[in-house]
Chemist: 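Pasting a structure here, questions to come.
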Amino acid sequence: MDDALDEGQGGGGTVEVLIPLGLDQAYSYAVPSGLKLAPGDVVQVPLGPRETVGVVWEAGSGRGGNLKKVVAKLDMPPLDPALRKLVDWVAWYTLAAKGSVLALALKRPPDDTPERPKLGVRLAGAPPARMTPARARAIAAAEGGLLIGKSALAEAASVSTAVIDSLVDAGTFCVEPLPQEAIAARPDPDHAIPQLSYDQRAVGDALADLVRKQSWQVALLEGVTGSGKTEVYFEAVAEAIRLGRQSVILMPEIALTAQFIDRFEARFGVRPGLWHSAVSGRRRERLQAAIARGEALVVAGARSALFLPYRDLGLIIVDEEHEAAYKQEDGVAYHARDMAVVRSKIENAPVVLASATPSLETRVNAERGRYLHLKLPERYGGRELPTLGLVDLRKDKPERGRWLSSQLIKAVEANLEAKEQSLLFLNRRGYAPLTLCRDCGHRFQCPNCSAWLVDHRFRRALVCHHCGHVERRPHECPACHQPESLVACGPGVERLAEEVATQFPQARSIVLSSDFPGGTERLKQELMAVAEGEFDIVIGTQLVAKGHNFPGMTLVGVIDADLGLTSGDPRAAERTFQVLRQVTGRAGRGEKPGRALLQTHDPSHPVLKALVSGDPERFYAAETAAREAAGLPPFGRLAGLIVSANSQGEAETHARALARCAEAPAGVAVLGPAEAPLAILRGRHRMRLIVRTAREINLQDYLRAWLKRAPRPKGSVRVAVDVDPQSFL
DNA sequence: TACTAATATTTC
DNA sequence: AAATATTAGTAT
């Protein structure tokens with residue numbers, strides 16, 4: 001494939017060079033004689049008064065006088081055609097400048113500062129003259145004479161690195177350079193053949209088949225929590241390894257945990273190549289190079305791993321495909337799951353979207369037969385899904401200032417009796433979501449964003465969960481100065497903990513909330529302690545919904561299942577459904593079967609009914625019906641488009657958006673930033689559906705910001721978001 | 001009117 | 001992204 005652009009002998013002519021900046025067009029440069037350039041080559045070019053890197057995007061027309069010259073061709077692997085095509089496509093789809101998208105794929109050229117060898121220590125000499133407990137631990141930990149990293153040894157012996165240093169000085173340890181660790185060793189597809197159930201085997205085989213076919217196919221792998229999705233898609237990865245082709249496993253950044261890596265290592269014998277924001281400079285470069293050479297066979301990474309220069313990509317996995325973390329909102333706004341589908345199409349490889357609670361758009365695509373729908377209905381090991389029940393709070397009403405219904409209390413008591421764990425889920429941090437004055441009715445509001453301030457009693461502060469604003473909780477009302485007149489309204493986890501303590505004084509309970517001091521480290525400890533059965537009752541926010549396995553948990557109580565169903569967020573129902581499905585799925589993952597009780601004021605709500613039925617298809621059907629009833633177009637259709645522009649540069653985005661409008665079947669308005677939401681709110685433009693293609697920003701925030709500058713129009717505004725690149729493939 | 005700080009524009 | 005041009009906002 002040598003399509004060098006030179007005519008005649010050695011160079012001359014022109015090339016179009018794309019520069020990784022916010023430029024939508026490639027610039028023409030003259031090629032100095034003697035230089036051979038082909039599309040994909042990375043070059044150094046002059047730009048204004050300085051020089052930058054760029055990529056030869058295509059052959060130049062040869063015309064155009066007085067062009068600046070390419071300075072040099074850099075010694076880097078060229079961007080292969082597939083990646084260039086992806087950059088073009090993503091730029092087109094997201095309305096971003098081509099150069100900005102190129103910047104995602106083009107990590108800086110290798111700087112040639114030599115890699116500093118990491119130093120390790122080894123047990124070498126006699127014990128030191130003066131022995132201390134800390135020194136003894138360090139020596140014991142280094143037993144066996146193996147070379148070990150300094151900080152790793154300090155960690156293992158739970159001493160500080162100063163102790164190690166002193167032992168080096170004493171001659172007990174010697175220092176040697178650590179051998180460079182393999183960045184991506186070859187995984188062994190048959191390292192540990194997993195025991196799979198009949199269903200798992202069937203689905204695993206189907207996925208492996210897709211990999212063997214080496215053609216484009218999107219597969220939705222839907223499996224309830226605990227059904228062994230990971231083990232199943234590992235079978236597809238194994239098949240790709242056997243074929244010598246590369247796989248990438250995309251996951252939300254937070255999901256790239258030690259737990260996942262351990263499971264991978266247990267299955268394949270080595271760790272996957274890891275790509276996420278915490279992987280630093282040198283390692284990144286080495287991994288990138290290994291990927292470009294095709295040596296790194298499996299990469300597990302966050303969304304940016306999608307733009308790596310794979311040499312022969314044979315499989316893409318998108319784990320937890322419904323996760324909002326796949327959306328990049330700043331810079332180039334893209335959804336990694338959608339772009340994964342695009343890349344797989346370009347690479348002509350299968351892509352597997354795995355989730356226990358697939359997003360609506362993915363479900364729609366599966367329903368329409370565009371995606372292969374593979375289901376893992378059962379839990380691994382024949383465990384049963386928890387039984388779900390609704391508690392009608394209108395009939396079983398807790399007393400004033402209490403939030404636990406008698407039914408839920410009874411269930412928790414029975415669990416305490418049986419020495420089984422219970423989880424009380426309330427997706428509200430803090431003590432109370434609203435504080436008001438009993439005398440004058442003053443409500444505490446955030447000065448920046450008009451949201452109510454949340455009472456955090458442990459921190460003795462009022463906090464805005466929207467923007468992070470914090471203020472002290474006063475003792476008297478700031479409006480009427482009446483002392484001791486402030487009352488908390490509604491429950492947060494802290495307040496629920498209070499109730500639990502009075503209701504079940506003998507129980508060992510713990511609150512798990514992301515805003516507690518101590519950070520991830522403490523949280524990890526606490527989750528572990530819960531898993532080991534050190535607590536009877538866990539009170540938790542959103543964070544307990546994900547990932548962790550509590551074998552002793554047999555009851556999940558949802559304090560307020562209606563929470564989130566009423567907000568104006570177009571994805572509210574979907575998100576609530578997903579969170580409730582996940583959190584109720586925490587029950588019964590051990591030996592004993594589990595159950596979940598959901599407290600609600602509206603037991604006939606379609607989302608809750610679908611949830612209790614245990615059939616996710618019913619939720620999808622309900623949403624589709626609701627959409628239809630609201631007069632909204634079906635999913636998967638580009639119905640309208642709003643683009644904002646705040647500068648001349650963004651006006652080009654306008655132009656691109658206008659071109660796109662020709663493809664939209666329904667009404668479209670392209671307006672400046674100030675007018676856009678207002679025009680809709682005032683109803684000048686009759687748009688029932690707002691689509692911001694691939695830029696699914698938080699529309700609520702967006703609208704709220706503009707509403708601050710304008711009077712609220714009468715009548716409600718219906719907003720829906722619809723993002724689906726499938727319409728364009 | 002001169003200077004500075006904040007914003008917008010340009011870069012083959 | 002970085003250099004440069006433009007404009008808005010102040011101090012003199």
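Lettering of chains follows the sequences in order, A, B, ..., and the numbering in each one begins at 1.
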Chemist: Any side-chain to backbone donor/acceptor pair from Glu321(A) onto Ser359(A)? Under 3.5 Å, distance only.
Modeler: yes
Chemist: Rounded to whole angstroms, how far apart are NZ on Lys68(A) and P on dT10(B)?
Modeler: 15 Å
Chemist: Mind checking what makes side chain to side chain contact (heavy atoms under 4.5 Å, CB included) contact with Gln25(A), not counting sequence neighbours?
Modeler: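 None.
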Chemist: Using whole Å, what does the distance between atom C1' of nucleotide dT11(B) and atom CG of Leu102(A) come to?
Modeler: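 So the two atoms are 16 Å apart, to the nearest Å.
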Chemist: So, using side chain to side chain contact (heavy atoms under 4.5 Å, CB included) as the criterion, who are the partners of Arg186(A) when residues are at least two apart?
Modeler: Leu297(A)
Chemist: Detail all sub-3.5 Å separations between protein N/O atoms and N/O atoms belonging to nucleotides 1-7 of chain C.
Modeler:
| residue | atom | partner | partner atom | Å |
| --- | --- | --- | --- | --- |
| dA1(C) | N3 | Arg50(A) | NH2 | 3.1 |
| dA2(C) | O4' | Arg50(A) | NH1 | 3.1 |

Chemist: Using the salt bridge (Lys or Arg N to Asp or Glu O under 4.0 Å) rule, collect all pairs that involve residues 37-50 of chain A, keeping only residues at least two apart or in two chains.
Modeler: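 The answer is Asp41(A)-Lys73(A).
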Chemist: Please report, rounded to the nearest Å, how far the P atom of dT11(B) is from the CD atom of Gln25(A).
Modeler: 12 Å
Chemist: Round to a whole Å and report the spacing from CG of Leu67(A) to P of dT11(B).
Modeler: 13 Å
Chemist: Does anything in residues 280-303 of chain A form a ring-ring contact (aromatic ring centres under 6.0 Å, His included)? List the pairs, not counting sequence neighbours.
Modeler: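 Matches after skipping sequence neighbours: none remain.
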Chemist: Applying ring-ring contact (aromatic ring centres under 6.0 Å, His included), which residue pairs with at least one partner in residues 297-321 of chain A are found, sequence neighbours left out?
Modeler: Phe307(A)-Tyr334(A)
